[in-house]
Amino acid sequence: MNSFAMHGHARLPRVCIIGAGIVGTATAFFLARSGCDVTIVERGTVGGQASGVNFGGVRCHGRDPSELPLAMRSRTIWYRLAELIGHDCDFEAPGHLKIARSSAEMDTLTRWFDIGRAHDLDVELLDRTQLMRRFPWLASDIVGASLCKGDGFANPRLVAPTFARAARALGASVLEGSAVTAIDRLQGGGFRVSGANFNALEADVVVNAAGAWAASLGLPFGAAAPTVTRAPQMFVTEPTARFIGPVLGLVSGDIYLRQSVRGNVIFGGGQGHIDPGGIRSHPDETTFARTPALMRNLIPALTHTALLRSWTGLEANTPDGLPVIGTSAGHDGFIHAYGFSGHGFATGPGVGETLSELILRGQTRIDLTSFHPDRFNTIARPATL
């Protein structure tokens, strides 16, 4: 346990969080609520990268079993969002419907059904007849589906800024437009974080939550995950009468879709282009033609619904699709939290609470072994500071 951990010590840690996405701001909120001295350093604006431009899905459905404890912890926070941070961020929980278009995909859903039930999730398998009876607006060529009740969605444009505002109200500092240029270890312990637009900060703990740029930022501190940056492409339609209940997703991953509280249909699928320099991305014309066609094929009632716009955002993907969470061997005090591979929005609040627990207590009730930063080049050790 760290010398500054809560029990038996007077001083709480000073924490510097790099990145003001959902993971960084949620971590700051939970630490500030415990009385920590917390500073978030963000190169751009709060929620200005992947955390603010993603699909907004909040699901346990279909996840790798090792991620389910984090996802379920997050779900509890999502349900309490308004109470915790003062706004529900348009969170709704109409369930998540994962759709199979072949018998092989239906077999995939059947296998995960047992995993979901083993984790006490309310999961239901539906054959084609049951599906058409309950969701008659779906295309008739679907084989079956799996419905996970309690899942839902939120507005990604609201979540990180609202967590940041709540953290500020508890005393945290948020520095926007502040790119980090150097992180140095101090001889007496801790770190010095330097940047071009802010005074150097000293911290006992640094949390690397810099999203698509986290791997390179944390390389001197054992970030060994060989991440690949991708730019998922999203779309939104004009508002229409609300008739789509649950969040939808194909087993193939070709399209995922939901209807917002205002009636707009938000959907994603395919990849955009990453601009030179790796800071921005833009939509791909081929994807712009292909994904809306999939939407209209899946839900014929949307055939004549107009598209308003398309956009992309950058995210880091790991080889095994699991995030990097924890410290590398020999680099205590420097915590990695990145590589969420396109499904980190839902787990963000739970990751924040878990990292707060890890920093303050030296351990956490969530098993983070599967996410260890060293798993790609060595035998993982338990995730403790």
Counting neighbours of CZ on R192 that are heavy atoms of other residues, nucleotides or ligands and sit closer than 6.0 Å, is the number greater than 12?
no
Are the charged groups of R134 and E124 less than 4.0 angstrom apart, N to O?
yes
Would you say D151's side chain and C60's backbone share a donor-acceptor pair under 3.5 angstrom?
yes
Find the distance between OG1 (T162) and CG (N155) and round it off to the nearest 0.5 Å.
9.0 Å
According to a 4.5 Å side-chain heavy-atom criterion applied to Ile, Leu, Val, Met, Phe, Trp and Tyr, with indirect links allowed, do L147 and V247 form part of one hydrophobic cluster?
no
Within the distance-only criterion (no hydrogens, no angle test), does the side chain of N208 pair as donor or acceptor with the backbone N or O of Y338 below 3.5 angstrom?
no
Reported CD1-to-CG distance for the pair I142 and L97, which is rounded to 0.5 angstrom:
8.0 Å
Do the side chains of L314 and W213 get nearer than 4.5 Å, heavy atoms only?
yes
Do the ring planes of F334 and F221 sit parallel (below 30°), tilted (30 to 60°) or perpendicular (above 60°)?
parallel
Passes side-chain contact (heavy atoms from CB on, under 4.5 Å), V207 versus I359? Steps please.
CA-CA 10 Å; V207 177; I359 291 166; 3.9 Å; yes
Can you tell me how far CD1 of I255 sits from OG1 of T291, rounded to the nearest 0.5 angstrom?
6.5 Å
Under 4.5 Å between side-chain heavy atoms, hopping through other hydrophobics if needed: is there a path connecting L70 to L68?
no
Between D374 (side chain) and A329 (backbone), is there a donor-acceptor pair under 3.5 Å?
yes
Any sub-3.5 Å donor-acceptor pair from S74's side-chain atoms to T347's backbone N or O?
yes
Do V351 and F30 make a side-chain contact, defined as non-hydrogen atoms from C-beta onward lying under 4.5 Å apart?
no
From L294 atom CG to S252 atom OG, the distance as rounded to the nearest 0.5 Å:
8.0 Å
Keeping H343 on the side-chain end and G321 on the backbone end, is there a donor-acceptor pair under 3.5 Å?
yes
Apply salt bridge (Lys or Arg N to Asp or Glu O under 4.0 Å) to R80 and E353, showing your working.
CA-CA 13 Å; R80 298 178 56 217; E353 188 175 41; 5.8 Å; no
Do the side chains of M72 and L121 get nearer than 4.5 Å, heavy atoms only?
yes
For residues M132 and L138, determine if any side-chain heavy atom of one lies less than 4.5 Å from a side-chain heavy atom of the other.
yes
Between I18 and I183, is any pair of side-chain heavy atoms under 4.5 Å apart?
yes
Same cluster or not: are L307 and W311 linked, directly or through other Ile, Leu, Val, Met, Phe, Trp or Tyr residues, by side-chain heavy atoms under 4.5 angstrom apart?
no
Is it possible for you to say whether L250 and V265 belong to one hydrophobic cluster, with membership spreading through side-chain heavy-atom contacts below 4.5 Å?
yes
Under 3.5 Å, side chain of Q233 to main-chain N/O of D284, donor-acceptor pair present?
yes
Among R258, K149, H61, exactly one meets side-chain hydrogen bond (donor to acceptor under 3.5 Å, both in side chains) together with H96. Which residue is that?
H61
Got a sec: does the CG of D141 have more than 12 other heavy atoms crowding it under 6.0 Å?
yes
Are L248 and F135 close enough, and set up right, to give a side-chain contact (heavy atoms from CB on, under 4.5 Å), and what steps lead you there?
CA-CA 11 Å; L248 307 181; F135 308 104; over 6 Å; no
A side-chain contact here means heavy atoms from C-beta on lying under 4.5 Å apart; do F153 and P94 qualify?
yes
Grab the two heavy atoms, one from P69 and one from P65, that are nearest each other, plus how far apart they are.
CD-O, 3.4 Å
Is any side-chain heavy atom of S102 closer than 4.5 Å to one of D107?
no
Side chain of R63, backbone of R59: donor and acceptor closer than 3.5 Å?
yes
side-chain contact (heavy atoms from CB on, under 4.5 Å) between V53 and M234: does it pass, once the steps are laid out?
CA-CA 8 Å; V53 297; M234 303 298 306; over 6 Å; no
Apply the test side-chain contact (heavy atoms from CB on, under 4.5 Å) to residues V193 and T39: give CA-CA distance (whole Å), side-chain angles for both, the deciding distance (0.1 Å), then the verdict.
CA-CA 11 Å; V193 180; T39 300; over 6 Å; no
Which pair of heavy atoms, one from A100 and one from L109, lies closest together, and at what distance?
CB-CD1, 3.9 Å
Is the closest side-chain heavy-atom distance between T237 and M295 below 4.5 Å?
yes
Shortest non-hydrogen separation from I274 to A231 and the atoms involved
CG1-CB, 4.1 Å
With a 3.5 Å distance limit and no angle check, can you tell me whether D127 reaches the backbone of G144 through a side-chain donor-acceptor pair?
no
Please walk me through it: do R73 and T354 pass side chain to side chain donor-acceptor pair (under 3.5 Å)?
CA-CA 9 Å; R73 184 175 204 172; T354 298; 2.9 Å; yes
Are there over 12 heavy-atom neighbours, none belonging to R262, within less than 6.0 Å of that residue's CZ?
no
Rounded at 0.5 Å granularity, tell me how far CG in D204 sits from CZ in R14.
4.5 Å
Examine distances only and state if a side-chain atom of T287 and a backbone atom of Q271 form a donor-acceptor pair shorter than 3.5 Å.
yes
Atom CZ of F29 and atom CG of L31: how far apart are they, to the nearest 0.5 Å?
10.5 Å
Determine the minimum heavy-atom distance between L175 and S178, stating which atoms define it.
CB-OG, 3.6 Å
Please tell me whether M106 and V123 are part of a single hydrophobic cluster in this structure, the criterion being side-chain heavy atoms less than 4.5 Å apart.
yes
For a quick test of reading the model, state the closest non-hydrogen atom pair linking G19 to I40 and the distance between them.
O-CG2, 3.7 Å
Considering the options F340, F91, Y256, W78, which one meets the ring-ring contact (aromatic ring centres under 6.0 Å, His included) requirement together with F345?
W78
May I ask you to check whether F235 and F288 place their ring centres under 6.0 Å from each other?
yes
Checking T318 side chain against L322 main chain: does a donor-acceptor pair fall under 3.5 Å?
yes
Closest approach of V261 and R242, non-hydrogen atoms and distance?
CA-NH1, 3.6 Å
